[in-house]
Amino acid sequence: MKNIIIVATGGTIAGSGKVGKATNYQAGKINIKEIIDSIPMINEVANLKAIQLFNVDSNEMNEEHWIILANKINDLASQKNVDGIVVTHGTDTLDETAYFLNLTINTYKPVVLTGAMRPASATSADGPINLYQAVCLASCDDALGHGVMAVFSSTIYSGRDIQKISNFKTDAFDQKDFGCLGYMNDDKVMMFSRTFKKHTLQSVFSEKPITELPPVGIVYYYAGAKPDILTMMAQNHRGIVIIGSGSGNYSQAWLNEIETLGAQGIIFVRASRVNQGIVYESDVFDPHNVCIPSNTLSGQKARVLLMLALSVTQNTKEIKRIFNEY
């Protein structure tokens, strides 16, 4: 059997509330060993070791947690007797953590995130089956080289493209226009596609341990939004991601302020508040090429990539190349 490490960070999968109820619970209350003990057959899939790294609601996750988690996974993955790693995580910010790990993990060994929409104390909690299938995926040779993945509701997602699409249903994730990587049939892994974007060992950000990240903020555009928020954000951020309307659009007043701040060295990325589609370069909303298109990345994932990009370069053309490759 394969040797799989489960790194627990908390979330709803470790949540507890009134017995039988799926709402009004507290995330990150149950130890990972209790969850493992509640899953029949899981110890027949792999030799398991569990590490309780954090036990928090995923809304408490931040850059410091990401750095600790990535460095821990890289240390574990470097050990010859470790074949794969599973990370339990809250669903609210799982997409951000998954993408950060996808860019900073230095291994082709399977790294699989999972969690739950219902707490462990709920009737028909979804955490046990998700964790069981995540261990099965991490134990499978077909999972090698796909980058960081996630498993929810018997579906395999890429760390780059996974997004939460429901705050209520157990089938809460999707991959925008790209479908999924594959499916789980109980313990069987069925892979059908892979990403063409750079990740893990191909990523320049995985070449050495990360110690800190430059500050990058997100600004949301809406009808009538004043450009003052950009000025304020620029005071203590090196980069700003704009979640614009449509194809990453905004008003003329915003364009004027973006160009002013861009001339002062602030790096801008244009993303969209629309869930589907792509953000291209625009001669109308960015006539002087101040902004970098996020392509298919959501605003929060564009922030992750911009932080990492700014840790290696301040050159806008180079960062644009990074956004095209990752």
Side-chain angles (χ1 to χ4, degrees), residues 61-78 87 93 95-109 111 113 145-148 158-162 195-219 230 233-243 248 258 261-271 278-281 286 288-326:
M61 294 291 283
N62 55 34
E63 299 91 337
E64 288 76 20
H65 288 103
W66 287 345
I67 291 170
I68 292 169
L69 178 59
N71 290 336
K72 183 65 175 180
I73 292 173
N74 278 326
D75 176 61
L76 293 170
S78 68
V87 179
T93 62
D95 62 335
E96 296 170 76
T97 299
Y99 191 42
F100 180 80
L101 295 177
N102 196 51
L103 297 172
T104 57
I105 298 304
N106 190 247
T107 184
Y108 275 156
K109 293 178 182 180
V111 176
L113 276 72
H146 284 276
V148 172
S158 79
R160 181 190 187 275
D161 299 313
I162 187 172
T195 180
F196 286 92
K197 295 298 185 180
K198 287 185 176 180
H199 59 74
T200 55
L201 285 178
Q202 306 160 353
S203 171
V204 66
F205 312 114
S206 72
E207 293 176 357
K208 59 182 180 180
I210 296 170
T211 57
E212 61 181 349
L213 292 167
V216 173
I218 297 177
V219 176
L230 297 169
M233 188 71 75
Q235 293 175 5
N236 51 15
H237 291 86
R238 287 170 55 188
I240 299 174
V241 176
I242 298 169
I243 301 182
I258 289 165
L261 294 171
Q264 297 172 11
I266 302 299
I267 304 296
F268 285 93
V269 171
R270 290 172 50 245
I278 184 170
V279 175
Y280 294 112
E281 292 182 350
D286 187 29
H288 299 109
N289 295 315
V290 175
C291 292
I292 297 162
S294 68
N295 296 318
T296 60
L297 293 176
S298 64
Q300 62 267 31
K301 288 190 176 183
R303 174 179 175 265
V304 169
L305 183 54
L306 183 55
M307 283 192 294
L308 288 167
L310 284 171
S311 70
V312 297
T313 182
Q314 287 280 331
N315 185 282
T316 302
K317 288 184 179 179
E318 179 65 12
I319 296 174
K320 186 178 293 186
R321 181 193 64 77
I322 289 170
F323 267 77
N324 286 331
E325 292 185 357
Y326 292 84

| said: Just so I know, are the side chains of Phe100 and Arg303 near enough to count as touching, which here means a heavy-atom distance under 4.5 Å? | reply: no

| field | side chain to side chain donor-acceptor pair (under 3.5 Å) against Thr200, all qualifying residues, sequence neighbours excluded | value | none

| How long is the span from the SG atom in Cys291 to the CD1 atom in Ile240, to the nearest 0.5 Å? | 9.5 Å

| request: Could you grab the distance from atom CG of Asn295 to atom CD of Glu325, nearest 0.5 Å is fine? | output: 11.5 Å

| Check: Lys301 and Ile162 side chains under 4.5 Å, non-hydrogen atoms | yes

| note | Closest non-hydrogen atoms of Thr195 and His146, given as atom of the first, atom of the second and distance, are CG2-O, 4.5 Å

| request: Any chance you could measure Ile210, atom CD1, to Ile68, atom CD1, to the nearest 0.5 Å? | output: 12.5 Å

| said: Can a donor-acceptor pair be found, under 3.5 Å and without considering hydrogens, that links the side chain of Thr93 to the backbone of Glu96? | reply: no

| request: Applying side chain to side chain contact (heavy atoms under 4.5 Å, CB included), run through Leu213 and Leu308 and close with a yes or a no. | output: CA-CA 7 Å; Leu213 292 167; Leu308 288 167; 3.7 Å; yes

| field | Donor-acceptor contact below 3.5 Å, side chain Asn106 vs main chain Asn74 | value | no

| said: Less than 4.5 Å apart, side chain to side chain, heavy atoms only: is that true for Leu297 and Tyr326? | reply: no

| Hey, are the side chains of Trp66 and Thr104 touching, using non-hydrogen atoms and a 4.5 Å cut-off? | no

| message | Testing the basics here: between Met61 and Thr97, what is the closest heavy-atom pair and its distance to 0.1 Å? | response | CE-OG1, 4.2 Å

| Interatomic spacing from OG in Ser206 to CG in Leu101 - rounded to 0.5 Å | 12.0 Å

| pair Asp75-Asn71: side-chain heavy atoms closer than 4.5 Å | no

| message | Test your reading of the model: is there a side-chain donor-acceptor pair from Arg238 to the backbone of Pro214, 3.5 Å cut-off? | response | no

| request: Output all residues satisfying side chain to side chain donor-acceptor pair (under 3.5 Å) with Thr296, sequence neighbours left out; order by chain, then residue number. | output: Arg160

| note | Applying side chain to side chain donor-acceptor pair (under 3.5 Å) to His237 and not counting sequence neighbours gives none

| task | Look up atom OG in Ser311 and atom CG in Leu306, then write down how far apart they are to the nearest 0.5 Å. | result | 10.0 Å

| message | Within the 4.5 Å heavy-atom criterion, are Val148 and His199 side-chain neighbours or not? | response | no

| query | Any chance CD of Glu64 has more than 12 other-residue heavy atoms, nucleotides or ligands included, within less than 6.0 Å? | reply | yes

| field | Least distance between heavy atoms, Ile218 atom then Gly299 atom | value | CD1-O, 3.7 Å

| Of all heavy-atom pairs between Val290 and Asp286, which one has the smallest distance, and what is that distance? | N-OD1, 2.7 Å

| request: Would you indicate whether the side-chain heavy atoms of Leu230 and Phe268 approach each other to under 4.5 Å? | output: yes

| Residue pair Val312 / Phe205: nearest heavy atoms and the distance that separates them | CG2-CE2, 3.9 Å

| Of all heavy-atom pairs between Ser294 and Val269, which one has the smallest distance, and what is that distance? | CB-CG1, 3.9 Å

| About how many Å separate CZ of Arg321 and OG1 of Thr316, when rounded to the nearest 0.5 Å? | 13.5 Å

| query | Does Lys109 use its side chain to pair, donor to acceptor, with the backbone of Gly145 at less than 3.5 Å? | reply | no

| said: Do Ile258 and Ile242 have side chains that approach each other closer than 4.5 Å (heavy atoms only, starting at C-beta)? | reply: yes

